[in-house]
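What you see below is based on every heavy atom in this structure, not just the backbone, and it leaves out hydrogens, waters and symmetry mates. All figures in this text were calculated on a predicted structure; none of them were measured in a lab.
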Amino acid sequence: MPELPEVETTLRGISAHIKQQTIAKAIIRQYQLRWPIPANIQQLLANKSIAKLERRGKYILLRTNSGTIIIHLGMSGNLRILTKPTPPKRHEHLDLIFHNNKILRFTDPRRFGAFLWVEGDPYEHPLLRNLGVEPLTKEFSGQYLLSQAKGRTIAIKTLLMNNAIVTGVGNIYAAEALFASCIYPAVPAKSLSIERLDKLVKCIKLILRQAIKRGGTTLKDFVNSEGKPGYFSSQLKVYGRNGSPCMVCGKTLERMLLGQRSTVYCGSCQR
DNA sequence: CAGAATACCTGCGGGC
DNA sequence: TGCCCGCAGGTATTCT
């Protein structure tokens with residue numbers, strides 16, 4: 001999916017168009033996403049005003065004064081702003097039409113995404129309650145990772161992709177950060193020293209920030225709020241490059257499966 | 001409890 | 001051209 005940089009790009013893109021704006025109408029063409037969109041969502045959302053937009057991990061929160069829309073882009077989702085009515089194409093499941101005539105359109109071919117409504121504190125929602133730290137905060141440190149890795153034999157890459165530990169790091173950025181920090185992706189989490197975890201954390205933060213700067217990574221589906229792709233793809237050093245030469249040492253990059261996820265790495269640079 | 005496997009859904013590229 | 005297989009940015013749920 002959209003990982004953290006793509007979600008952040010989306011949030012920044014839609015924010016100016018719908019902040020403080022009031023929903024005139026919600027049109028739902030497909031209710032069956034990861035979880036069903038609430039059947040009465042039209043009534044729930046009519047005349048609600050978006051007070052604040054937030055990101056938590058890979059979730060986007062649209063806060064109104066009486067409840068919050070929780071959006072997840074799943075594996076293939078995107079949110080775009082349309083400035084005039086446009087006939088929906090296949091997989092364009094939902095429109096929020098605002099009084100300023102802007103339209104927020106949710107598209108998601110694989111339907112792994114979510115569009116939910118919650119009253120009360122959204123951070124207490126079951127999907128958000130147990131999320132780990134935000135990777136771009138100082139809470140996310142080598143020391144923190146060390147404490148989470150203690151006693152765990154799980155591969156470091158799988159640990160990084162566990163959203164209960166740190167949110168927003170998915171398959172692309174986990175692979176890239178492990179390459180940048182010269183860590184073998186399958187190494188048991190508990191075996192890494194604080195020095196190596198410090199390095200890993202620095203690399204994760206750097207890569208996520210660079211990816212946000214470039215508007216995220218587009219492999220296939222991801223487009224920003226204007227329908228344009230992200231430009232971080234050209235910076236990828238291992239993801240999707242199995243069989244190609246390592247950009248550092250020239251050795252052929254290899255692939256393995258970790259937690260059922262494809263993982264590309266350099267057997268020479270990453271130990 | 002940790003860790004592994006499974007499930008959800010559609011689309012695409014490769015092999016035959 | 002068409003069918004079948006494997007694979008794809010996520011993650012909750014079920015199993016061992």
Side-chain angles (χ1 to χ4, degrees), chain A residues 1-10 29-37 55-60 70-79 89-94 106-116 125-132 135 147-178 185-191 204 207-208 211-212 214-224 229-236 238-243 255-264:
Chain A
M1 123 175 181
E3 300 184 31
L4 186 147
E6 292 74 42
V7 177
E8 182 67 26
T9 297
T10 298
R29 290 174 286 268
Q30 169 63 271
Y31 283 83
Q32 300 306 312
L33 301 180
R34 177 73 193 259
W35 295 277
I37 296 174
R55 178 186 60 72
R56 173 72 173 108
K58 299 173 191 170
Y59 292 89
I60 286 175
I70 300 179
I71 300 173
H72 195 289
L73 301 179
M75 197 94 103
S76 59
N78 64 64
L79 286 171
K89 297 186 183 134
R90 189 162 155 77
H91 306 311
E92 299 188 340
H93 305 314
L94 179 152
F106 177 76
T107 306
D108 184 12
R110 290 177 73 180
R111 288 193 272 134
F112 287 173
F115 190 98
L116 300 170
H125 188 280
L127 289 171
L128 303 189
R129 197 168 45 205
N130 298 315
L131 291 179
S147 71
Q148 295 299 311
K150 194 175 178 187
R152 302 191 65 177
T153 57
I154 192 174
I156 184 61
K157 173 163 176 276
T158 309
L159 187 93
L160 286 182
M161 293 176 63
N162 180 345
N163 284 313
I165 293 175
V166 55
T167 62
V169 181
N171 206 29
I172 297 177
Y173 298 107
E176 292 298 313
L178 288 164
V187 74
K190 67 177 181 182
S191 70
I204 290 171
I207 288 170
L208 292 178
I212 291 170
R214 288 177 170 263
T217 299
T218 295
L219 300 175
K220 191 165 111 51
D221 297 295
F222 178 72
V223 291
N224 65 20
Y231 295 103
F232 193 70
S233 316
S234 61
Q235 309 296 306
L236 299 176
V238 287
Y239 182 88
R241 297 194 64 247
N242 180 34
R255 173 184 181 272
M256 68 171 136
L257 272 186
L258 288 176
Q260 312 293 94
R261 306 306 299 278
S262 182
T263 305
V264 181

Can you see if the side chain of [X] gets near the phosphate of [N] - specifically, an N or O under 4.0 Å from OP1 or OP2?
X: R110(A); N: dG11(B); answer: no
X: R90(A); N: dG11(B); answer: yes
X: S262(A); N: dA8(C); answer: yes
X: K58(A); N: dT11(C); answer: yes
X: H72(A); N: dT11(C); answer: yes
X: H91(A); N: dG11(B); answer: yes

Reckon [X] touches a base, only the sugar-phosphate, or nothing at all at heavy-atom distances under 4.0 Å?
X: Q32(A); answer: nothing
X: N163(A); answer: sugar-phosphate
X: R152(A); answer: sugar-phosphate
X: L219(A); answer: base

Please indicate yes or no: is the ring centre of F112(A) less than 5.5 Å from the centre of the six-membered base ring of dC9(B), with the two planes inclined by under 30 degrees?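 No; by the centre-distance and plane-angle rule, F112(A) does not count as stacking on dC9(B).
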From the options [options], select the nucleotide whose nearest atom is closest to the side chain of [X].
X: R34(A); options: dA8(C), dC9(B), dT11(C); answer: dT11(C)
X: K220(A); options: dC12(B), dA8(C), dG10(C); answer: dC12(B)
X: Y239(A); options: dG3(B), dA8(C), dG10(C); answer: dA8(C)
X: W35(A); options: dT10(B), dA12(C), dT11(C); answer: dA12(C)
X: Y59(A); options: dG10(C), dA12(C), dC7(C); answer: dA12(C)

Would you call Y173(A) and L160(A) a side-chain contact if the rule is heavy atoms closer than 4.5 Å?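 A side-chain contact is absent here, since even the closest heavy-atom pair is not under 4.5 Å.
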For residues R261(A) and M161(A), determine if any side-chain heavy atom of one lies less than 4.5 Å from a side-chain heavy atom of the other.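 Side-chain contact under 4.5 Å: yes.
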Taking only the P atom of each, what is the distance from dC3(C) to dC9(B) in whole angstrom?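 That atom pair is separated by 22 Å.
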How long is the line joining [atom1] of [X] and [atom2] of [N], in whole Å?
X: N162(A); N: dG3(B); atom1: CG; atom2: C1'; result: 11 Å
X: Y173(A); N: dG10(C); atom1: OH; atom2: P; result: 10 Å
X: N130(A); N: dT11(C); atom1: CG; atom2: C1'; result: 13 Å
X: L73(A); N: dC9(B); atom1: CG; atom2: C1'; result: 16 Å
X: N78(A); N: dG10(C); atom1: CG; atom2: P; result: 15 Å
X: M75(A); N: dT10(B); atom1: CE; atom2: C1'; result: 11 Å
X: I70(A); N: dG10(C); atom1: CD1; atom2: P; result: 19 Å
X: R129(A); N: dA12(C); atom1: CZ; atom2: C1'; result: 14 Å

Here's a test for you: under side-chain contact (heavy atoms from CB on, under 4.5 Å), which of E92(A), R90(A), H91(A) qualifies with R29(A)?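 Testing each of E92(A), R90(A), H91(A) against R29(A), the sole residue satisfying side-chain contact (heavy atoms from CB on, under 4.5 Å) is E92(A).
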Under the criterion side-chain contact (heavy atoms from CB on, under 4.5 Å), which of L178(A), N171(A), L236(A), V238(A) is the partner of V264(A)?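 Checked L178(A), N171(A), L236(A), V238(A) against V264(A); only one passes side-chain contact (heavy atoms from CB on, under 4.5 Å): V238(A).
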Most 5' of Q260(A) and G151(A) on DNA chain B, judged by nearest nucleotide: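 Nearest-nucleotide comparison on DNA chain B picks G151(A).
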Spell out, as yes or no, whether a donor-acceptor pair under 3.5 Å connects the side chain of S233(A) to the backbone of T218(A).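 Pair found, side chain donor or acceptor close to backbone of T218(A).
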Please test L73(A) against F106(A) for side chain to side chain contact (heavy atoms under 4.5 Å, CB included), starting from the C-alpha separation and ending with a verdict. CA-CA 9 Å; L73(A) 301 179; F106(A) 177 76; 3.9 Å; yes
Watson-Crick/G-U partner (both atom distances under 3.5 Å) of dC9(B):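 The answer is none; no pair meets the criterion.
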Could you verify whether a donor N or O on one side chain and an acceptor N or O on the other, from T167(A) and Y59(A), lie under 3.5 Å apart?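 Absent: no donor and acceptor within the cut-off.
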